[in-house]
Amino acid sequence: MRIGNYEFYLEKRLTLAGWQAATISILAVVVALALFSLIFIQAGVNPLSAYQEIFSYAFANPYGLPLSINRFIFLLLCTCAFIIPFRAGLWNIGMTGQFYAGSLSAFAVLFAFGARGSSNLDLPPGIVIPLMLVAAALGGTVPGAIAGFLKGRFNTNEIVVTMMLNFIAFWLVSFMIKEGGLFMNPGGRSESFDVPSSVHAPLIMGTPFTILLALGIAVLLYLMFAKTKIGYQIRAYGQSPAAAEYAGISTFKIPLLVFIMGGAIAGLAGYHYFAAVPGVYKIARNYVQFGDMAFYGIICGLISQGNPLAAIPIALLFGGLSIGGRFIQGKLNMSFGLDYALLGVLMMTLVAFQFFYRNKIVWVKAGKERADVGIPS
Amino acid sequence: MWEFLARSLEASMIFTFAGLGELIDQRSGVLNVGIEGVMLFGATLGFIAAQSTGSYWLGFLVGITIGGLLGLLHGFFSITLGVDQVVSGMGIWILGFGLTTYIGNPYTGPLGMERIPTILGLSPFFYVGIVLVIITWFVLNKTSLGLRIRSVGENPSVAEVSGINVARTRYLCVITSGMLMGLAGAIYSLDYNPVWNYNFLMGWGFIALALVFFSMWNPFIMLGGSLLFGTMWQLSLSPELVLPGVLSRYIWRTVPFVITVVVLLIMSTKWFRIRWGAARPEALAIPYVKE
């Protein structure tokens with residue numbers, strides 16, 4: 001194609017350096033935000049001041065910042081849960097279900113200690129909190145392991161299976177917390193019983209300790225993919241399952257393993273949101289709106305190109321954006337679901353930008369000889 | 001009981017329309033995992049159009065059109081740009097889920113229009129669906145267009161050499177399939193359950209996707225599967241009609257999903273593949289790049 005004096009053509013990328021991937025990702029986010037400003041314009045709001053409001057509420061407001069950080073922890077855990085199978089070429093869209101399963105398991109521990117009866121119960125936090133964490137991870141593992149086992153053993157489509165498990169987990173939460181379910185609030189409300197104040201998660205400067213857990217997991221995952229044998233096997237399987245099998249890598253164990261790890265991490269997110277965030281401390285009535293935010297994990301995972309360290313700033317950005325979006329939708333009297341709309345626009349822009357991860361646009365001045373003349377691309 | 005059966009048949013038709021769309025898509029070698037997103041768009045925009053104009057025709061038209069446009073979008077990503085089809089489908093699903101939540105929220109509530117008249121006690125779409133299944137089967141298996149579609153899905157490079165325009169054939173299929181999925185969504189929100197809610201589809205699209213794998217790419221088996229799942233879905237919504245007092249209603253709601261997983265599992269076993277398999281389009285989900 002010719003524009004002015006320059007000739008443009010497409011070229012396949014053979015390699016993609018880290019900085020190139022980062023540039024494309026940043027561009028994708030910028031384009032998505034620019035596209036999203038159409039929604040503000042349509043609602044009669046100046047996009048620039050809207051974004052200013054979003055960012056200042058999310059990152060500089062004493063009420064907004066803790067919300068953003070809590071959302072960030074949740075998103076980072078969900079992103080890691082997505083990334084591990086993603087590196088093996090598999091799609092874990094079951095973070096929502098694993099999240100629900102994790103929170104149910106964490107509350108099962110409290111239930112076993114008799115916390116349903118009274119929210120003033122004096123429980124030893126040194127025992128109960130670790131138990132809740134382990135239970136949440138194990139709980140998330142269950143739906144993960146089902147999907148991983150079916151994928152590894154029978155090559156069942158993991159997208160459909162994880163999605164079905166999301167819905168199963170969703171209704172199970174309703175079953176447990178509504179209409180006389182075991183975890184129902186003794187006050188008769190359709191939400192779970194409160195976490196006793198003696199086992200509220202310890203706070204570090206107002207932030208739940210789960211932030212260390214999430215950051216630690218991201219770093220460990222990075223090291224696992226970069227340095228260990230198992231990380232190498234996962235990546236090899238992701239490149240080509242057939243070649244991996246030929247090289248002696250089990251095509252049963254890898255899917256099972258990545259989904260177990262992913263499920264456990266998403267389960268921890270369940271502990272984080274419903275048992276560690278100040279002001280929540282119960283499985284909320286509108287738990288679906290927490291669970292559906294897990295889909296942001298897919299976007300963070302795709303933008304970070306499966307790199308757990310890159311996921312940290314991205315999860316922070318999207319955590320802030322989703323909180324700020326929810327805030328200004330109330331402040332500017334916009335319709336509910338601004339954060340959902342952002343989710344959709346971001347995702348679609350990302351899909352379009354996938355193209356640039358594999359191709360690049362090259363331009364040369366017209367008239368000049370192209371270097372690759374005669375070499376078929 | 002008759003009421004239950006009639007509702008089940010109507011529910012089945014939504015699966016049939018969405019599933020037929022996906023089936024045509026996959027026969028041409030394009031996988032669209034974003035059925036749920038297309039259905040949400042068709043349902044929401046169709047609902048809004050019908051409510052604000054008072055015309056069902058316009059509602060369905062908008063549903064079909066937006067479906068076709070989303071199909072075109074999926075085609076552009078997966079055929080022209082060669083993006084991973086799963087990524088593109090996921091994108092369409094999340095786009096649909098996110099944007100329709102925002103767009104549709106002010107319209108939360110019932111449609112508030114007179115119900116679409118029934119023919120012999122059943123929604124007219126039941127009959128349309130049956131006819132469409134037959135037409136699809138006929139076109140795919142008995143016409144030269146069907147042969148082209150199938151050959152593009154099996155081996156696009158050979159098809160290209162024999163003079164078939166792969167990209168054009170695939171575009172035709174993704175747009176048609178998008179229209180069918182959009183229509184399926186519009187039928188849901190205008191006829192089957194005319195109420196707009198947050199994320200009201202709750203997995204219909206993904207079950208339709210599973211149904212296509214289940215159908216072994218045969219429209220008639222797909223119709224059978226839809227009838228089965230439609231009945232099951234209706235049963236899970238109102239179990240008290242058939243089995244009063246058995247299990248909590250929340251547990252019933254998980255049943256269609258559990259059965260979908262079990263069915264997928266059975267179909268994935270080696271026994272099943274050897275006995276029935278080999279119908280899967282060879283080039284499914286593989287981007288085709290013209291040499």
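The chains referred to below are lettered A, B, ... by the order of the sequence lines, with proteins before strands, and numbering in each begins at 1.
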- Message: Looking at chain A, which one of B:Thr269, B:Leu265, B:Ile207 has the largest number of heavy-atom pairs inside 4.5 Å, strictly under?
- Response: B:Leu265
- Using a cut-off of under 4.5 Å on heavy-atom pairs, state which of B:Asn199, B:Val255, B:Ile94 scores highest against chain A. B:Ile94
- Between B:Tyr250 and A:Trp171, what is the ring plane arrangement, given parallel below 30°, perpendicular above 60°, and tilted in between? parallel
- Query: Got more than 12 heavy atoms from elsewhere within 6.0 Å of CD, A:Gln239?
  - Reply: no
- Honestly, the part of B:Phe77 sitting under 4.5 Å from a heavy atom of chain A is side chain
- Looking only at B:Asn105, B:Val258, B:Val86, most heavy-atom pairs under 4.5 Å shared with chain A are made by B:Asn105
- Query: Hey, mind stepping through A:Met163 and B:Glu36 against side chain to side chain contact (heavy atoms under 4.5 Å, CB included) and telling me if it holds?
  - Reply: CA-CA 11 Å; A:Met163 201 65 207; B:Glu36 178 118 346; 5.8 Å; no
- Item | Side chain, backbone, both or neither of A:Val288 within contact of chain B (heavy atoms, under 4.5 Å) | both
- Name the region of A:Ile93, side chain, backbone, both or neither, that has any atom closer than 4.5 Å to a heavy atom of chain B. side chain
- Item | Leading residue by heavy atom contact count with chain B [cutoff under 4.5 Å; candidates A:Leu302, A:Ile298, A:Asp292, A:Leu350] | A:Asp292
- Message: Heavy-atom cut-off 4.5 Å, strictly under: side chain, backbone, both or neither for B:Ile92 against chain A?
- Response: both
- Should the ring pair A:Phe336 and B:Tyr198 be called parallel, tilted or perpendicular, given that the plane angle runs from 0 to 90° and is split at 30 and 60? perpendicular
- Task: Calculate, to the nearest 0.5 Å, the distance between atoms CG and CH2 belonging to B:Asp84 and A:Trp91 respectively.
- Result: 6.5 Å
- What closest approach, in Å, do B:Gly91 and A:Val351 show between heavy atoms, and which atom pair accounts for it? CA-CG2, 3.8 Å
- Message: With chain A as the partner, which of B:Ile103, B:Leu81, B:Thr108 has the greatest number of non-hydrogen pairs under 4.5 Å?
- Response: B:Leu81
- Taking all non-hydrogen atoms of both residues into account, name the closest pair between B:Leu95 and A:Gly344 and its distance. CD1-O, 3.4 Å
- Item | Contacting moiety of B:Trp93, where chain A heavy atoms sit under 4.5 Å | side chain
- Message: Which atoms of B:Val87 are under 4.5 Å from chain A, going by heavy atoms: the side chain, the backbone, both sets, or neither?
- Response: both
- Query: For B:Leu99 and A:Ala341, which heavy atoms make the closest approach, and how far apart are they?
  - Reply: CD2-CB, 3.8 Å
- Interface residue of largest heavy-atom contact number with chain B, from A:Asn166, A:Ile299, A:Val161, A:Ile39, under 4.5 Å: A:Ile39
- Query: In Å and rounded to the nearest 0.5 Å, what is the OH to OG1 distance from A:Tyr340 to B:Thr100?
  - Reply: 11.0 Å
- Between B:Phe213 and chain A, which part of the residue has a heavy atom less than 4.5 Å away: side chain, backbone, both or neither? side chain
- Task: Go through B:Gly96, B:Gly203, B:Gly104, B:Gly37 and name the one with the most non-hydrogen pairs under 4.5 angstrom from chain A.
- Result: B:Gly203
- Message: Sort by residue number and list every residue of residues 143-159 of chain A having at least one heavy atom under 4.5 Å from chain B.
- Response: A:Leu150, A:Phe154, A:Asn155, A:Thr156, A:Asn157, A:Ile159
- Taking A:Ile168, A:Val160, A:Val173 one by one, which has the highest count of heavy-atom pairs under 4.5 Å against chain B? A:Ile168
- Rounded to the nearest 0.5 Å, what separation is found between the OG atom of B:Ser88 and the CE atom of A:Met347? 9.0 Å
- Query: Side chain, backbone, both or neither: which part of B:Met267 has an atom under 4.5 Å from a heavy atom of chain A?
  - Reply: neither
- Least distance between heavy atoms, A:Ala43 atom then B:Tyr102 atom: CB-OH, 4.3 Å
- Item | Distance (rounded to the nearest 0.5 Å) between B:Arg253 CZ and A:Phe167 CZ | 10.5 Å
- Quick one: of B:Leu209, B:Leu73, B:Val83, who has the most non-hydrogen atom pairs under 4.5 Å with chain A? B:Val83
- By a 4.5 Å heavy-atom criterion (distance strictly below it), what part of A:Met348 contacts chain B: side chain, backbone, both, or neither? both
